[in-house]
Number of protein chains: 2
Amino acid sequence: MARNPTIADVAERAGVSKGAVSFAFNGRPGVASATKERILAAAAELGYAPSYSARSLSNRRADAIGLVLARPPELLRADPFFPPFIAGLESVLAPTGRSLVLRFVSAVDEMAAYTELSRSNRIDGAIVADLRVGDQRPALLAELRVPFVSLNRPDTAGLGPAVCLDDRPGVRDAVNRLIALGHTRIGHIAGPAEFLHANSRQAEWAGTLAAAGLPPGPLVETDFTAGSGAAATERLLALADRPTALLYANDLMAIAGMSVAQRKGLRVPEDLSVIGFDDTEISGYLHPALASVRTDAYGWGAAAGGRLTEHIDNQDATDLELPAAQFVPRGSIGRPGGS
Amino acid sequence: MARNPTIADVAERAGVSKGAVSFAFNGRPGVASATKERILAAAAELGYAPSYSARSLSNRRADAIGLVLARPPELLRADPFFPPFIAGLESVLAPTGRSLVLRFVSAVDEMAAYTELSRSNRIDGAIVADLRVGDQRPALLAELRVPFVSLNRPDTAGLGPAVCLDDRPGVRDAVNRLIALGHTRIGHIAGPAEFLHANSRQAEWAGTLAAAGLPPGPLVETDFTAGSGAAATERLLALADRPTALLYANDLMAIAGMSVAQRKGLRVPEDLSVIGFDDTEISGYLHPALASVRTDAYGWGAAAGGRLTEHIDNQDATDLELPAAQFVPRGSIGRPGGS
DNA sequence: TTGAAAGCGCTACCAA
DNA sequence: TTGGTAGCGCTTTCAA
C-alpha cells in the first residue's frame, strides 16, 4: 500500500519547513498568506491530509467522542430514537473533524466499555443516554476525568452538563386531552422502571390523573418491545372494568396495542383511544393515525454534540434546555363510546 | 487532566523494558509467562491500556473501518436496516479492538468523505452500502488503496469482495404466492431506480409475473418514504382496472399503503393484498399482520465486518453469499375478492 | 516570518 | 528471553 503523503512531503514541495505546513493547516498566525497559499496548493496537488493518529498523539486529543449503547438488538431493530439522534450528533461533529465512537454492549459491560475507551485515549468526551435509576456512569466518567453530557439529568449527582428535553408537557397534554374527551379510566403501558425516562412518563401520567381528581388507571410495565406491548394490552382489555384509553411509553407498543384491540373487534377510537410516544415516521400514516408525543431526536443529538464539544473545549458545563416534547393529536383518540 | 499511565510506567513497575510490555500486550512470543503475568498485573493495578493513537501511528493501522451513509434524516428516522446492520458490524469489530467510523453526508459528499477518511489514515477499510447504478465508489476506494467490501455486487467492476444477500428468492416467493392465490393484477411500489437493490426487487417482480405469463402490473417509483408510499397507493387504487395486490419495496410504504386502502373502505386482504419488504419489528403486530420479505440485517452486518477484517488482514477477497431473503406470509394477503 | 528539533506513546528491530 | 533504541507523523517551543 503506497503510503499517503506526509507533512514532510508537503513541506519539501512547498519549499518550507514542516512547522510552517502545520501552522498553515491549523490556521495559526505566523505564516505569510502567500506562503500559506503555496503550502495549501502543494498539499492539494499531493492529496495530503494530516494523519489522524499522528496528530492526536501529538495533540493529546482523540477528536472523537464515545457513545455506549446497552440495547438488545431486537429493540434496535425498531428504535426510532437513536438513528436520528446519531445523525444529529454527526451533523455537528463531522464539520469539526471529530467522529463518534459507537459501542453496542450488554448492560453489564457498559461501564467497562467507557473505561476502556477512556484509558486507551480513544475519546475525549462521552455521551450518557438512557439514564437509569441510581446510574453509576456519571460518577465513573467523572473519576476517569472524561468530560460528558447526559441526556436529561441523572438522579445521582450532576457531574456533567445535562442536555434536557422535557417529555412531561407532551404527556400531560396527552392525558389532559383524554380527560377532556370524557375518559376516566386511562391506563398506562409503561417502559422498564429502571429507566428515568420511563419513570418520568409514568409519573406524569399518574400526576395528571391525580390533578384531575381521577383514580389512577391500570398500569403495566413492559420491556418496550412490540410483543410486550401487545401482551400488556391483552391484559388490560381483559379487565372487568377495562380502560377506555391507553397511553403507551412508545409508538411501537402503541401500534401493537391498537392491533390487539382491533383484532378483538374493538374500534379505535370509539371503543379504545390510543396514544403512543416518539411520533415515529409511520404513526401519521396508520389507520387510524396514531396520536403520539414528539421529541426531536435529531435536534437533541445536535444539541448534545454541540454542548459536549463546548464542554471539552471551554469547560462550559451549564445545562441546556431544549423545547419540550409535544403532544400530536390524531385519529386514534376520541370520546369514549364514540359519541 | 491527569495523564493516563503509559507503557513506561507499566515497564518500570514490573521491572522490565517497554518492549517487553508491548510484547506481553500483543500476545507475542518472547516473554516468559511469569514475566508476562507480572506485567499484566502491573498494568491492571495502574489501570493501563495502550494508547490508541500511539499504537496506530506506530502500527500504520487505524483499527477502524469507515461507513459513509448518504441518507436524508427523514429516512433514517424509520430505517429498519442500518441500526441492526451497524450493531452486527460492531459485534465483530469490538472484540478485535476495531471501531466503526460513521459519516452521514449528502450524496454529493459521499466520495469526498471516503477520500478524507482514507487520506487522514483514519480507517483501514470501508464498507460500501446502498450501491447505485454505475457506482463510482468501488473504483475510488481501489484507487485510494482502501480495502473494502460491498453489500451485494456492484454493476461496475468487482474491485473488492462482495457480501451478498440475495433478495430475489423472497420477492419471487411473494409474487408467486399472490399468483397462486389467484391474483392477476399485481402492482409494485418500487424504490428509487438509482439503487441496485430497488432495481433488483423490481426486476424480480416483473420477471416472476412474466414467467407466469401474466402482464406486468402497474408500477410506481417512490423515494422510500411513507408519504410517497401513500401517494403511490392512492394513484394505483384510482386506476380503472385497479390491482388486487401490491408489492412494496419496504414495509414503511406498505404500512402506509395498507392504511390508505383501509381509509378508502377497502378491506385488506379481501379487496387488496399487501406485501412489504424488510420485515420490520412492527409488521407482525399490525392488523392485519403484514406479510413481508425478511433480510437478516444484523447477520449481514456481522458477515460484512468479518469479511472486511479478513480482507484487511489476509487479503482474502472472495465473495461471501449469505442465506437469501425469505418471504414471510401473514394476514395481509388472501384471495382476490376474499373468497 | 521561518526553520530546527524535541517530544507524544507505541512497535519492532537489533544486540546482548 | 530480555533491554535499548530508532522511528511513525504531527505539534509546538525556541532560535534565528
Side-chain angles (χ1 to χ4, degrees), chain A residues 1-40 42-43 46-64 97 116 118-124, chain B residues 1-40 42-43 46-64 97 116 118-124:
Chain A
M1 195 185 310
R3 234 172 29 274
N4 282 333
T6 72
I7 199 170
D9 299 323
V10 178
E12 188 188 9
R13 179 164 191 123
V16 298
S17 71
K18 297 191 322 184
V21 177
S22 175
F23 273 47
F25 261 84
N26 293 296
R28 296 176 43 154
V31 186
S33 70
T35 319
K36 182 168 177 180
E37 260 177 46
R38 194 152 38 94
I39 291 171
L40 294 180
L46 263 49
Y48 166 82
S51 155
Y52 167 68
S53 50
R55 161 181 283 199
S56 59
L57 176 58
S58 187
N59 260 346
R60 315 182 134 288
R61 283 190 329 185
D63 276 336
E116 216 284 313
S118 156
R119 287 192 174 157
S120 60
N121 298 111
R122 242 188 133 114
I123 56 175
D124 24 50
Chain B
M1 198 185 307
R3 232 170 31 271
N4 282 334
T6 73
I7 199 170
D9 299 323
V10 178
E12 189 188 8
R13 179 165 192 122
V16 297
S17 73
K18 296 189 323 182
V21 178
S22 175
F23 273 45
F25 262 83
N26 292 296
R28 296 176 44 156
V31 185
S33 71
T35 320
K36 182 169 176 178
E37 262 176 45
R38 194 154 35 94
I39 292 172
L40 294 180
L46 290 158
Y48 166 82
S51 155
Y52 166 69
S53 51
R55 162 183 283 200
S56 61
L57 176 58
S58 190
N59 260 346
R60 315 182 133 288
R61 284 191 328 186
D63 275 336
E116 216 285 311
S118 156
R119 287 192 174 159
S120 59
N121 298 309
R122 236 185 140 118
I123 57 175
D124 24 49

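Bear in mind that the values here come from a model prediction, so they are computed numbers and not experimental data.
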Handout entry: Separation of D:dG9 P from A:Arg61 CZ (nearest whole Å)
Key = 20 Å

Practice task
Check if the side chain of A:Ser58 and the base of D:dG9 share a donor-acceptor pair of N or O atoms closer than 3.5 Å.
Solution key: no

Exercise for the section: Could you tell me the separation between the CG atom of B:Leu57 and the P atom of D:dG7, rounded to a whole number of Å? Expected result: 14 Å

Exercise for the section: Quick one: label A:Phe25 by what it contacts on the DNA or RNA (base, sugar-phosphate, nothing), any heavy atom closer than 4.0 Å. Expected result: nothing

Exercise for the section: Check whether any side-chain N or O of A:Arg28 sits under 4.0 Å from OP1 or OP2 of D:dT11, and answer yes or no. Expected result: no

Practice task
May I ask you to evaluate whether A:Arg60 reaches the phosphate of C:dC8, defined as a side-chain N or O under 4.0 Å from OP1 or OP2?
Solution key: no

Exercise for the section: Would you give the length of the straight line joining atom CD1 of B:Ile7 to atom CG of B:Leu46, rounded to the nearest 0.5 angstrom? Expected result: 12.5 Å

Practice task
Establish, with yes or no, whether the OP1 or OP2 oxygen of C:dG9 is under 4.0 angstrom from a side-chain nitrogen or oxygen of A:Asn121.
Solution key: no

Exercise for the section: For A:Phe23, enumerate each residue passing the ring pair (Phe, Tyr, Trp, His ring centres under 6.0 Å) test, keeping only those at least two apart in sequence or located in another chain. Expected result: none

Handout entry: Within residues 8-23 of chain B, residues whose heavy atoms come under 4.0 Å of DNA chain C
Key = B:Lys18, B:Gly19, B:Ser22, B:Phe23

Fill in the blank from the handout: Whole-Å distance, A:Asn4 CG to D:dG9 P, equals 10 Å

Practice task
State whether a side-chain donor-acceptor pair under 3.5 Å links A:Arg55 with A:Asn26.
Solution key: yes

Fill in the blank from the handout: Here the distance between atom P of D:dT1 and atom CZ of B:Arg38, to the nearest Å, is 14 Å

Problem - Phosphate OP1/OP2 of D:dC8: any A:Tyr52 side-chain N/O under 4.0 Å - result: no

Handout entry: A:Tyr52 side chain vs A:Ala62 backbone, donor-acceptor pair below 3.5 Å
Key = yes

Exercise for the section: Give a yes or no on whether the backbone of B:Lys18 and the side-chain of B:Ser22 come within a donor-acceptor separation of less than 3.5 Å. Expected result: no

Problem - B:Thr6 side chain, from C-beta outward: closest of D:dT2, C:dG9, D:dT11 - result: C:dG9

Practice task
Measure from the side-chain heavy atoms of B:Asn59 and tell me the nearest of C:dC10, C:dA12, D:dC10.
Solution key: C:dA12

Exercise for the section: Calculate, to the nearest 0.5 Å, the distance between atoms OG and CZ belonging to A:Ser51 and B:Arg119 respectively. Expected result: 14.0 Å

Completion exercise
By nearest-nucleotide position on DNA chain D, the 5'-leaning member of A:Asn26 and B:Pro29 is B:Pro29

Exercise for the section: Please tell me which of the listed nucleotides, C:dT2, C:dC10, C:dC8, lies nearest to the side chain of B:Ser51? Expected result: C:dC10

Exercise for the section: Compare all side-chain heavy atoms of A:Arg38 with those of A:Thr35 and state whether any distance is below 4.5 angstrom. Expected result: yes

Exercise for the section: Indicate yes or no for a side-chain donor-acceptor contact from A:Arg61 to the backbone of A:Asp124 under 3.5 Å, with no hydrogens or angles considered. Expected result: no

Problem - A:Ser118 backbone acceptor or donor facing B:Asn4 side chain under 3.5 Å - result: yes

Problem - Atom-pair distance (CD1 on A:Ile7; P on C:dC8), nearest Å - result: 18 Å

Exercise for the section: Round to a whole Å and report the spacing from CG of A:Asp63 to P of D:dT11. Expected result: 10 Å

Exercise for the section: Could you tell me whether the phosphate oxygens of D:dT2, OP1 or OP2, come under 4.0 Å of any side-chain nitrogen or oxygen in B:Thr35? Expected result: yes

Exercise for the section: With axes from five pairs an end, tell me the bend angle of the helix from C:dT1-D:dA16 to C:dA16-D:dT1, nearest 10°. Expected result: 40°

Handout entry: Student check: side-chain heavy atoms of A:Asp63 and A:Ser56 closer than 4.5 Å
Key = no

